[in-house]
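Notes to accompany the following structure.
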2 protein chains.
Amino acid sequence: MGTVGRQKLSASLEDYLEAIFNLADEAEGARSKDVAEALGVARSSVTGAMQALSEKGLANYRPYGCVTLTRSGRAVAAEVVRKHNILKSFFISVLGVDNDTAQQAACRAEHALGSEIIGRLLSFIEYVTESNKNGHDVADEFRRFHKKHATRQAQMVTQ
Amino acid sequence: MGTVGRQKLSASLEDYLEAIFNLADEAEGARSKDVAEALGVARSSVTGAMQALSEKGLANYRPYGCVTLTRSGRAVAAEVVRKHNILKSFFISVLGVDNDTAQQAACRAEHALGSEIIGRLLSFIEYVTESNKNGHDVADEFRRFHKKHATRQAQMVTQ
DNA sequence: TAGAATAGTTAGGCCACCCTAACTTCGTCA
DNA sequence: TGACGAAGTTAGGGTGGCCTAACTATTCTA
């Protein structure tokens, strides 16, 4: 195997990939313990995931060593992170959601949305940013709109 | 049990609930076979899910009968459907995505986003709709913006 | 440098979900 | 009314993902 075609990773494995990507410092790679902590998972679960990622040619794993990503692992991870950041940014800077909620939602939605929609979302953020410079701030206008109409939302029960 | 507090349904069970909700006609309820077909799943899988929903007090299930939702099952299903529709509507009418892509993405994202964000998304759609009436059509403006900048997106590889 | 503390692995188990194959029940119609 | 086809269920199996407990390797420190 090696740089082989992507065969639809599970959300779970994408999470591991993302965690390694975020934790690995250039030289060292990520420590299993830190991955476990980052994902709130037992250390033994990380071992299993590392083996899976290794088999798919996405991570360089050998027992008791630090984990690094292969070239293609890095590519997949980077795409997940990219989705994450775009979503979070959209939630915060367009919808006006607080940081924690945005972070949490981005974590879950990043596995659900394809790059068609993510691409448009990015484009939309850029559009909103531009609108600001053009003296017609869409984000701000929406925030005022939302506040005005928020009473309705406040009545809703739901989770 | 019965009308007991919602204990975080799995995405899968939410899908079953949604399917039943969409299939059940007033008097009859939904047929197991149709649920299986709607979700692209074996009939035996539906049986299992019906038992699970029944245990949670969300569906009225008895062997060989049509399935209906309980009051609380209907409430949960309605919320899932609501999320679905808001997402789909956002993807289509704001982001300008085609129907199929929107439908598919809504199916996956509806389980990932809480009502805080869904609420704001709804609000945003309303804002965009209003903006249209006010002679400053945000959706249309974005679409032009996106088209102009689309070349960049087109170069991207990804899934 | 040995032993204690920490990190990592393995073994074994559990649960959610899905499947196929075989069986049961239901509904229909000759 | 009885037999046949369709619908539904049960049994049994597979996978993925998580856990704990017990073991092994590594690292740190006295």
Side-chain angles (χ1 to χ4, degrees), chain A residues 6-20 23-25 27-69 73 76-77 80 107-108 110-112, chain B residues 6-20 23-25 27-69 73 76-77 80 107-108 110-112:
Chain A
R6 32 202 69 149
Q7 344 123 56
K8 271 287 175 211
L9 277 187
S10 67
S12 171
L13 286 187
E14 281 190 3
D15 282 336
Y16 283 102
L17 230 35
E18 192 180 10
I20 297 168
L23 287 170
D25 37 331
E28 280 289 293
R31 325 223 29 206
S32 181
K33 188 232 172 171
D34 297 326
V35 174
E37 200 169 307
L39 296 178
V41 124
R43 296 196 308 275
S44 61
S45 303
V46 177
T47 303
M50 293 310 96
Q51 289 165 351
L53 290 176
S54 188
E55 261 165 35
K56 292 176 193 297
L58 298 170
N60 302 115
Y61 164 77
R62 47 169 218 291
Y64 298 102
C66 285
V67 203
T68 56
L69 299 180
V76 175
V80 175
C107 275
R108 313 242 272 124
E110 71 198 12
H111 310 295
Chain B
R6 33 201 69 148
Q7 347 122 57
K8 272 287 174 210
L9 275 188
S10 68
S12 171
L13 286 187
E14 281 190 4
D15 281 336
Y16 283 102
L17 229 34
E18 191 180 11
I20 297 168
L23 286 170
D25 39 330
E28 281 289 294
R31 327 222 25 206
S32 181
K33 187 231 171 173
D34 296 326
V35 174
E37 199 169 308
L39 297 178
V41 124
R43 295 196 308 275
S44 60
S45 303
V46 177
T47 303
M50 295 309 97
Q51 289 165 349
L53 290 177
S54 189
E55 261 166 35
K56 292 176 193 299
L58 298 170
N60 304 113
Y61 164 77
R62 45 168 219 292
Y64 299 102
C66 285
V67 203
T68 56
L69 297 180
V76 176
V80 175
C107 277
R108 314 242 272 125
E110 72 198 10
H111 309 296

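So you know, we letter chains A, B, ... as the sequences are listed, proteins then strands, and number each from 1.
Among all heavy-atom pairs drawn from A/Ala38 and A/Leu23, the shortest one is CB-CD1, 4.3 Å.
Between A/Gln51 and the phosphate of C/dT10, there is a side-chain N or O to OP1/OP2 separation shorter than 4.0 Å.
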Practice task
Indicate for each nucleotide in nucleotides 15-25 of chain C, in 5' to 3' sequence, whether protein heavy atoms under 4.0 Å reach the base (B), only the sugar-phosphate (S), or nothing (-).
Solution key: --SSBB---BS
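To the nearest angstrom, P of D/dC28 lies 13 Å from NZ of A/Lys33. Rounded to a whole Å, the OH atom of B/Tyr61 is 16 Å from the P atom of D/dA7. Note: CZ (B/Arg31) to P (D/dT9) measures 11 Å, nearest angstrom. Between the CG atom of B/Asp34 and the C1' atom of D/dA7 there is a distance of 10 Å, rounded to whole Å. Rounding to whole angstrom units, CZ of residue A/Arg62 and P of D/dA25 are separated by 15 Å. The CD-P distance, from B/Glu37 to D/dG8, rounds to 11 Å in whole Å.
Looking at heavy atoms from C-beta onward, B/Ser32 lies out of side-chain contact with B/Tyr61 at the 4.5 angstrom threshold. No side-chain heavy atom of B/Val46 sits less than 4.5 Å from a side-chain heavy atom of B/Val67.
Atom CE of A/Met50 is separated from atom CG of A/Asn60 by 11.5 Å, given to the nearest 0.5 angstrom. Taken from CG in B/Leu9 to CG in B/Leu58, the straight-line distance is 5.5 Å, to the nearest 0.5 Å. Interatomic distance, CD of B/Glu110 versus CD of B/Glu18, reported as 4.0 Å (0.5 Å rounding).
Within the nucleic acid shown, A/Ser32 comes within 4.0 Å of sugar-phosphate atoms alone, with no base atom in reach, counting heavy atoms only.
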